Amino acid sequence: MRLGRAMVLMIGWGLAMPAAAEPSADRRIQLREMVAQDCGSCHGMTRKGGLGSPLLPELLSQVSAEGLIETILEGRPGTPMPPWKSMLSRDDAAWIAAYLMGDVK
Amino acid sequence: MMRGLLVAALALLSACVPQLRGTGDLGVVVERADGRVLVVESTNSTALATVSGLGDLSHAALVYSRDARYAFVFGRDGGLTKVDILTGSIAGRVVQSGNSIGGAVSQDGSLVAVANYTPGGIKVFDTATLAPVADIPAIGADGKPSKVIGIADLPGRKFIYTLYDAGEIWIADLTDPAKPAVTKFTGIGKLPYDALITGDGRWYLAGLFGEDGIALLDLWNQDKGVRRILDHYGKGAVALPVFKMPHLRGWAVAGNEVWLPAIGHHQVLVVDKTSWKETARVEVAGQPVFVMARPDGRQIWVNFAVPDYNVIQVIDVPSRRVIKTLEPGKAILHMEFTPRGERVWLSARDSDKVVVYDTETLEQVAELPASKPSGIFFTSRAHKTGL
């Protein structure tokens with residue numbers, strides 16, 4: 001399952017989304033920090049959940065990578081999950097989705 | 001020789017006999033990423049001790065014992081840790097749930113109640129021993145378990161709190177801890193995200209995330225039920241993304257007014273505490289998170305959600321104008337006034353420091369190193385309802 005998702009994301013970067021690219025090393029440092037601190041304020045720094053749902057790989061594996069990316073960029077209307085697209089590109093969101101799944105570090 | 005011995009003896013003596021001190025100028029700063037807190041004093045703005053081993057403090061809150069010696073720290077891992085701030089050590093710790101959000105100490109100081117997300121509900125402990133006293137699940141009228149937010153103490157051995165998922169306000173009466181009596185107010189509104197009680201213990205306000213407005217309960221006239229104020233305050237304006245949930249607590253009352261963060265609008269709302277009508281709104285730099293009145297009620301200090309969290313704005317209450325925009329550091333997560341308000345402490349998470357400002361000159365007067373600081377809590381909270 002995890003391998004499958006990693007493949008999907010790699011294909012996403014390589015084929016399905018030709019413009020997609022892994023964020024730079026500097027950007028990845030910022031994104032890790034955002035996940036820990038800003039996502040962490042609702043989902044917990046250990047991602048076990050808070051006001052927001054847990055973001056543990058075994059739970060996230062129930063949704064598609066594309067679904068995760070959409071949720072990060074567009075938010076979930078009717079819940080406190082905001083759209084992050086003003087601060088994150090699609091490449092950023094794809095990388096965060098893979099990071100949450102443990103497919104990239 | 002003789003003199004040397006005397007100095008040595010005195011040094012030995014002072015090392016053995018603890019120096020007596022009060023706790024009135026003490027406080028605790030949470031170092032959120034390290035499961036650690038700093039014990040600080042606000043007379044000379046210094047750190048006195050570091051206490052480790054408190055678990056996951058991603059969203060840590062704490063309340064004080066009646067004697068203002070112990071801090072009860074609530075962690076994201078469900079840990080309840082009793083910290084002795086005089087000795088800088090852990091006096092007791094229980095992991096009481098999967099995930100907690102905050103708590104309150106009863107008026108008589110005997111009970112500490114913890115509000116939990118997972119599983120939702122409150123658990124009540126003896127403040128002296130941390131022995132469990134009561135466990136009250138939060139199953140809403142819809143039959144589902146609910147996260148609990150906005151807990152506060154009420155006169156008597158009572159706690160008031162709000163069910164986030166179910167949209168209900170509950171009052172648990174622990175006069176007889178073996179048989180807690182629960183009063184429920186249902187249908188208060190969608191997704192109440194936090195709540196506050198005014199310092200006199202009369203008014204409980206739950207802010208709604210799922211709709212514009214505040215649910216208000218008059219605790220002196222509970223038979224009148226919950227009513228809605230500030231209904232549709234965002235009407236006609238497109239709601240902006242809320243990148244961090246605002247916090248409410250009983251610090252937002254200035255004189256006869258309550259100052260509240262708007263949700264999805266870069267505004268602070270001002271409400272008259274007798275008519276409960278909106279009297280003004282002040283445009284600010286971002287989504288407000290904490291809207292805190294200086295203890296004398298003359299100024300309101302506001303911090304913001306990411307990406308505007310590097311600034312702080314100070315509002316002059318009489319003129320309702322932003323009189324200063326400060327940049328004290330990166331990612332300002334929290335503020336705390338000294339007991340009488342001559343200074344305010346600000347935690348700058350991404351600058352790894354706590355910054356102290358003079359509230360009259362609005363100039364920085366001190367700073368302390370701290371690792372990813374979040375909440376700052378002074379012991380003056382020990383003697384205030386709802387804090």
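Note: hydrogens, waters and symmetry copies are ignored here, and every other heavy atom, side chains too, is used. Lettering follows sequence order; numbering is per chain, from 1. What you see is a predicted model; the values in this text were computed from it and never measured.
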Just by distance, do the side chain of [X] and the backbone of [Y] share a donor-acceptor pair under 3.5 Å?
X: B:Thr162; Y: B:Gly150; result: no
X: B:Glu336; Y: B:Leu346; result: no
X: B:Ser146; Y: B:Asp165; result: yes
X: B:Gln313; Y: B:Val302; result: no

Parallel, tilted or perpendicular: ring planes of B:Tyr161 versus B:Trp170, cut at 30 and 60 degrees: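 The arrangement is tilted - the two ring planes meet at 30° to 60°.
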Under 4.5 Å from a heavy atom of chain A, the part of [X] involved:
X: B:Phe243; value: both
X: B:Arg32; value: both
X: B:Val242; value: backbone
X: B:Ala33; value: both
X: B:Lys372; value: side chain

Side chain / backbone / both / neither for A:Ser86 at chain B, heavy atoms under 4.5 Å: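 Side chain only.
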Contact class of A:Glu33 relative to chain B, heavy atoms under 4.5 angstrom: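 When you check distances to chain B, only side chain atoms of A:Glu33 fall under 4.5 Å.
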Heavy-atom pair count under 4.5 Å with chain A, highest-scoring of B:Lys147, B:Lys244, B:Lys190, B:Met245: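 Maximum pair count with chain A is reached by B:Lys147.
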Top of B:Leu240, B:Asp56, B:Val306 for chain A proximity - count of heavy-atom pairs under 4.5 angstrom: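 Top option by heavy-atom pairs under 4.5 Å: B:Val306.
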A:Ser24 versus A:Asp26, side-chain donor and acceptor atoms under 3.5 Å: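 No, A:Ser24 and A:Asp26 have no side-chain donor paired with an acceptor closer than 3.5 Å.
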Ring centre gap for B:His59 and A:His43 strictly below 6.0 Å: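 No.
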